[in-house]
> 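Before anything else, here's the structure in question.
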2 protein chains.
Amino acid sequence: MESTPSTETTQPEPREKVASGQVQSVDRAIELLELMADAGGEAALSELAANTGLPLPTIHRLMRTLLSRGYVRQLPSRRYTLGPRLIRLGESAGRQLGAGARPYLTALAAELGETANLAMIDRDMAVYVAQAASRHSMRMFTEVGRRVFTHATGVGKAVLAQLPDATVLEIVARVGMPAATPQTITDPQSLLEELAKIRERGYAIDDGEQEIGVRCFAVGVPGAPTPTALSISGPSARVGYDFAETAVPVLQRTAADLAKELISPTG
Amino acid sequence: MESTPSTETTQPEPREKVASGQVQSVDRAIELLELMADAGGEAALSELAANTGLPLPTIHRLMRTLLSRGYVRQLPSRRYTLGPRLIRLGESAGRQLGAGARPYLTALAAELGETANLAMIDRDMAVYVAQAASRHSMRMFTEVGRRVFTHATGVGKAVLAQLPDATVLEIVARVGMPAATPQTITDPQSLLEELAKIRERGYAIDDGEQEIGVRCFAVGVPGAPTPTALSISGPSARVGYDFAETAVPVLQRTAADLAKELISPTG
DNA sequence: ATTCACACTTCCACTTAGTGGAAGCATAAG
DNA sequence: CTTATGCTTCCACTAAGTGGAAGTGTGAAT
């Protein structure tokens, strides 16, 4: 940790250091992959160098390792793109996350007659990891794998409600709070108040905040390894506030069952 | 593998070494991710140790790094699963691979009236990276992201035809040649002969080798960064051998256009 | 056609960052 | 409560990784 000679007033350049007990080169490799994803899946070596501040040879060596494993490809122009092997990995991850959940969502959708969704937080956004459409759903309002802002969705707010306020503020500071509809909460203070209400009443409401005409009730999945939430959503016409009275207890029961499943998966 | 005691004659323990100029710890981290994917997305630390032969502390340190980046999660049981961050990465990779291709596939499907597919090799299997369904296709015979054996599909054989025979033999040695239908080629020698024919005539035929009643014509995409193939497929009733006369030139022209696109993507 | 400039790749001496044996903790089983 | 099992931390050693400098290829400009 701090082998500081101390006498030197300035700390010896902490920079953006990797937390101790971790592997620097692996962390750097991951940073490169993330950068490429941010850049739309493609980047030149020198661009990566500019964005990381790492010397070219270091990046080149890391990229060669990723290349040999199929995690990146190299175009004849020498630019790099994310490689095909990542598809499999991502699918496996998605399957893993949604695996045990699907039966619960299907049962939930069948019982309540509306679409059930499971989402978890990934750094600053919520990702849908599983879904069961209701029989009479005209169209999907979302798909597995889609990422949504936390402040503007039922699952998002239900997830945030499980986090300390400080963490919530960090998240919205990083990604902002764009309005998806006129109903979207767009300032941090209102969001914190809303989260307090959610914690009190035990469930979140999204009333056209993500998409006009779509209402959604969501609850947290307690004790999930990654903060996770379960929701039921549908057109406001069918999904009224009286619907919540039926839906919320079922949601909460299912969330509790899901929690057990997620903690010790059937395998 | 073979930890031969032998005499001093053996080379000084090359073991399964990482090719020089690469980063050991990154390679190991990737190996861990791949192992987890193989194991269905979940594994205990000790299982990983057993499968890699690496000491526990080493694995633990690598996993901690992956954990802090969201590439793995840890269950309360302390077992590890692939993490949500991989979903995004996989999607970005898939989008990247299929991005420029979709317009070409759509045009192809429109012109020929059957489903167009683009697949590339990922180590031992072919992965579908883009697809355009024909208007009157009743159902999908495949989906983007699906992995198929190379020896039993049109795209697979068209990809193999771009590789040296030695590489082809390595692949089938690793994954075998299971029969999907009675038509599937199931021995290496016949496969090599088939590939020779494909190289000569310039396109591959899959006549019910993957699924009974489905015929498919496929061509390689020359000069793609990763060996890639383009195919058109449909029910044998509609996709006859006379159809090939129309389809193959169009396929080849599209493959050439695609090659340019893949080499210098539209930013 | 030849030169220049830029970007990627290879080389190699230095040393930091990674390694792994051994000890320390939890948690689950007996 | 005791033992067993499996995860986590510690730390001295050194192999593995790093990055400055030199080399190579590619594409643009003259």
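So that the names make sense, note that chain A is the first sequence line, chain B the second, and so on, each numbered from 1.
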> Salt bridge between A/Arg146 and B/Glu91, side-chain N to carboxylate O under 4.0 Å?
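Looking at A/Arg146 and B/Glu91, the cut-off is not met.
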> Are any of the side-chain nitrogens in A/Arg147 or A/Asp124 under 4.0 Å away from the carboxylate oxygens of its partner?
no
> What integer distance in Å separates A/Leu62:CG from D/dA16:C1'?
13 Å
> Under the 3.5 angstrom rule, does the side chain of B/Arg73 hit a backbone N or O of B/Gly83 as a donor-acceptor pair?
no
> Once you apply a heavy-atom cut-off of 4.0 Å, does B/Ser25 come out as touching a base, just sugar-phosphate, or nothing?
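The residue B/Ser25 makes sugar-phosphate contact but no base contact.
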> C/dC8 P sits how many Å from A/Met63 CE, rounded?
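Taking CE of A/Met63 and P of C/dC8, I get 11 Å after rounding.
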> Could you tell me the separation between the CG atom of A/Asp27 and the C1' atom of C/dT16, rounded to a whole number of Å?
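Spelled out: CG on A/Asp27 to C1' on C/dT16 is 16 Å.
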> What's the separation between atom CG in A/Leu45 and atom CD in A/Gln74, rounded to the nearest 0.5 Å?
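Taking CG in A/Leu45 and CD in A/Gln74, the distance rounds to 8.5 Å.
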> Could you verify whether a donor N or O on one side chain and an acceptor N or O on the other, from B/Tyr71 and A/Glu34, lie under 3.5 Å apart?
yes
> Should the pair A/Arg88-B/Asp38 be classified as a salt bridge under the 4.0 Å nitrogen-to-oxygen rule?
yes
> Give the B/S/- string for nucleotides 3-13 of chain D, one per nucleotide from 5' to 3', where a protein heavy atom under 4.0 Å of the base yields B, of only the sugar-phosphate yields S, and otherwise -.
----SSB----
> Let me know the distance between CD of B/Gln22 and P of C/dT10, rounded to the nearest Å.
11 Å
> Is NZ or CZ of B/Arg201 both nearer than 6.0 Å to the six-membered ring centre of B/Tyr203 and within 45° of the ring axis?
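Judged by the rule, B/Arg201 and B/Tyr203 form a cation-pi pair.
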> So that I can tick it off, tell me whether B/Arg253 and B/Glu111 are bridged by a salt bridge, with the cut-off set at under 4.0 angstrom between side-chain N and carboxylate O.
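Salt bridge present between B/Glu111 and B/Arg253.
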> Please round to 10 degrees the angle between the axis of the first five pairs and the axis of the last five pairs in the helix from C/dA1-D/dT30 to C/dG30-D/dC1.
50°
> Mind checking what makes side chain to side chain donor-acceptor pair (under 3.5 Å) contact with B/Asn51, not counting sequence neighbours?
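If we apply the side chain to side chain donor-acceptor pair (under 3.5 Å) test to B/Asn51, skipping adjacent residues, there are no hits.
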> Just to confirm, is there a sub-4.0 Å distance from OP1 or OP2 of C/dT19 to any side-chain nitrogen or oxygen of B/Gln24?
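B/Gln24 to C/dT19 OP1/OP2: side-chain N or O found under 4.0 Å.
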> What's the closest nucleotide to the side chain of A/Pro55 if the choices are D/dG19, C/dT19, C/dG20?
D/dG19
> Please report, rounded to the nearest Å, how far the P atom of C/dA17 is from the CG atom of A/Leu54.
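Distance check: A/Leu54 CG to C/dA17 P gives 12 Å.
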